[in-house]
Amino acid sequence: MINIVLFGKPGAGKGTQAEFLKGKYNLTHISTGDIFRFNIKNETPLGKEAQNFINNGELVPDSLTIKMLEDEVNKNLTSKGFLFDGFPRTIAQADALDAFLKTKNWDVTATIALEADDEILIKRLLERGKTSGRADDQDEDKIRNRYQEYNEKTAPLMEYYNQQHKFYPINGIGAIADITERLSTVIESL
């Protein structure tokens, strides 16, 4: 069982890289963004609540995120491992993930951070917003607010996982294949 947290600011390429990694390593990809969009599209109670936060460029509260994530893991209990994309985003979420995984006799194997300059990522998100229909990708102020939230709440996870010897930063800029190779090098060293 290998459980990897794919880490990085919005627009860093987590979803793109997860598509390659899940096939290559036979992992179940759990994207909190995809889970949110599914719940929002299907107008579930959790989805309606999450939509309000997303529309304001805010992170969805832990209680909603954790419930959605646990439901997805429980649907895939025979998986060889999980690739968590967009979760955890806070120390509290990391603690909740650790506690949940322990109930399954699992743990986080590694966290891999895709690192990139904010200005490059903002351009990526604004470009993605032209076709994605996502309101949070179409407004630079909302994007910057997401990055401020990331810096305040998510960046401390780097030290949290570094203290556990589970944190691996990689350069998230360049050709997609090159970034995939950097990620694979880390995963194969675990």
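- In the hydrophobic clustering of ILVMFWY residues, with side-chain heavy atoms under 4.5 Å counting as a link, Ile112 and Leu190 come out together.
- Residues satisfying the salt bridge (Lys or Arg N to Asp or Glu O under 4.0 Å) criterion with Glu152, sequence neighbours excluded, are absent altogether.
- In this structure, the separation between OH on Tyr161 and CD1 on Ile91 is 8.0 Å, given to the nearest 0.5 Å.
- Looking at Thr111, its side chain never comes within 3.5 Å of a backbone N or O of Val5 through a donor-acceptor pair.
- When side chains are defined from C-beta on, Asp107 counts as touching Lys166, because their heavy atoms get closer than 4.5 Å.
- For Gln138, the side chain to side chain contact (heavy atoms under 4.5 Å, CB included) criterion is met by no residue, not counting sequence neighbours.
- For Asp34, the side chain to side chain contact (heavy atoms under 4.5 Å, CB included) test picks out His29, Ser31, Arg37, with sequence neighbours left out.
- Distance alone, capped at 3.5 Å, is enough to place a donor-acceptor pair between the Asn42 side chain and the Phe38 backbone.
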**Message:** side-chain contact (heavy atoms from CB on, under 4.5 Å), that's the test. Do Asp136 and Ile143 meet it? Break it down for me.
**Reply:** CA-CA 7 Å; Asp136 59 336; Ile143 293 169; over 6 Å; no
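- Arg134 has its side chain out of reach of Leu125: every pair of non-hydrogen atoms, C-beta onward, lies at least 4.5 Å apart.
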**Request:** Applying side-chain contact (heavy atoms from CB on, under 4.5 Å), run through Ile35 and Asp71 and close with a yes or a no.
**Result:** CA-CA 10 Å; Ile35 295 168; Asp71 289 349; over 6 Å; no
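- The two residues Gly11 and Leu121 have their closest heavy-atom pair at O-CD2, 3.2 Å.
- Judged by distance alone, the side chain of Tyr25 and the main-chain N or O of Phe20 form no donor-acceptor pair under 3.5 Å.
- A pairwise comparison of heavy atoms in Gly174 and Ile179 identifies O-CD1, 3.6 Å as the closest pair.
- Going from atom CG of Asn3 over to atom OG of Ser79 covers 8.0 Å, rounded to the nearest 0.5 Å.
- Annotation: side chain of Phe167 is not in contact with side chain of Leu157 (no heavy-atom distance under 4.5 Å).
- The minimum heavy-atom distance linking Asp85 with Ala18 is given by the pair OD2-CB, 4.3 Å.
- Take Lys142 and apply the salt bridge (Lys or Arg N to Asp or Glu O under 4.0 Å) test, not counting sequence neighbours, and it matches no residue.
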**Item:** Trace of the side-chain contact (heavy atoms from CB on, under 4.5 Å) decision for Trp106 with Phe82
**Value:** CA-CA 10 Å; Trp106 303 336; Phe82 293 91; 3.5 Å; yes
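- Residues that satisfy the side chain to side chain donor-acceptor pair (under 3.5 Å) test with Lys80, not counting sequence neighbours, are absent from this structure.
- When the shell of 6.0 Å around CD1 of Ile176 is examined, it contains 12 or fewer heavy atoms from other residues, nucleotides or ligands.
- Without hydrogens or angle criteria, Asp139 side chain to Ala135 main chain gives no donor-acceptor distance under 3.5 Å.
- Qualifying side chain to side chain contact (heavy atoms under 4.5 Å, CB included) partners for Asn171, counting only residues two or more places apart in sequence or in other chains: Ile173, Arg182.
- A donor atom on one side chain and an acceptor atom on the other are found under 3.5 Å apart for Gln51 and Asn55.
- Contacts classified as side chain to side chain donor-acceptor pair (under 3.5 Å) and involving residues 93-103 (residues at least two apart or in different chains) are given here: Asp62-Gln93, Asp95-Tyr160, Asp98-Tyr160.
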**Asked** Stepwise, does the side-chain contact (heavy atoms from CB on, under 4.5 Å) test hold for Val73 with Phe84?
**Response** CA-CA 10 Å; Val73 169; Phe84 296 101; 3.9 Å; yes
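- Screening residues 114-128 for salt bridge (charged side-chain N to carboxylate O under 4.0 Å, His left out) gives Lys9-Asp118, Glu119-Arg144, Glu127-Lys130, Arg128-Asp137 as the qualifying pairs, with residues at least two apart or on separate chains.
- Taking CG from Leu83 and NZ from Lys24, the interatomic distance works out to 13.0 Å, rounded to the nearest 0.5 Å.
- Within the 4.5 Å cutoff, the side chain of Thr154 has heavy atoms near those of the Phe7 side chain.
- By the side chain to side chain donor-acceptor pair (under 3.5 Å) test, Asn26 is found to be paired with no residue, residues two or more places apart in sequence or in another chain being considered.
- A distance of 8.5 Å separates CG in Leu69 from OG1 in Thr65, rounded to the nearest 0.5 Å.
- No continuous path of ILVMFWY side-chain contacts below 4.5 Å connects Ile2 to Leu77, so the two sit in separate hydrophobic clusters.
- Atom NZ of Lys67 has 12 or fewer heavy atoms from other residues, nucleotides or ligands within 6.0 Å.
- A distance of 9.5 Å separates CD in Glu70 from CG in Leu101, rounded to the nearest 0.5 Å.
- One distance of note links CG of Leu183 with CG of Leu6; it measures 6.5 Å at 0.5 Å rounding.
- In plain terms, the two heavy atoms of Tyr168 and Ala110 that are nearest each other are CE1-CB, 3.7 Å.
- Every residue was checked against the salt bridge (Lys or Arg N to Asp or Glu O under 4.0 Å) condition with Glu43, not counting sequence neighbours, and none meets it.
- Linking Ile, Leu, Val, Met, Phe, Trp and Tyr whenever their side-chain heavy atoms come within less than 4.5 Å puts Phe87 and Tyr150 in one cluster.
- Within the 3.5 Å criterion, the main-chain N or O of Ile4 finds no donor-acceptor partner in the side chain of Thr109.
- In this structure a side-chain-to-backbone donor-acceptor pair under 3.5 Å is present from Asn145 to Gly57.
- For the residue pair Ser189 and Val186, the shortest heavy atom distance occurs at OG-O, 2.6 Å.
- In this structure the side chain of Asn39 never reaches within 4.5 angstrom of the side chain of Leu64, judged on heavy atoms.
- Side-chain contact between Ile30 and Met68 is absent, with no heavy atoms from C-beta onward closer than 4.5 Å.
- With sequence neighbours left out, Lys153 forms a salt bridge (Lys or Arg N to Asp or Glu O under 4.0 Å) with Glu149.
- Partners of Asn105 according to the side chain to side chain donor-acceptor pair (under 3.5 Å) rule, which considers only residues two or more places apart in sequence or in another chain, do not exist here.
- A pairwise comparison of heavy atoms in Ala94 and Pro88 identifies N-CB, 3.4 Å as the closest pair.
- By the 4.5 Å heavy-atom criterion applied to side chains, Phe100 and Ile66 are not counted as neighbours.
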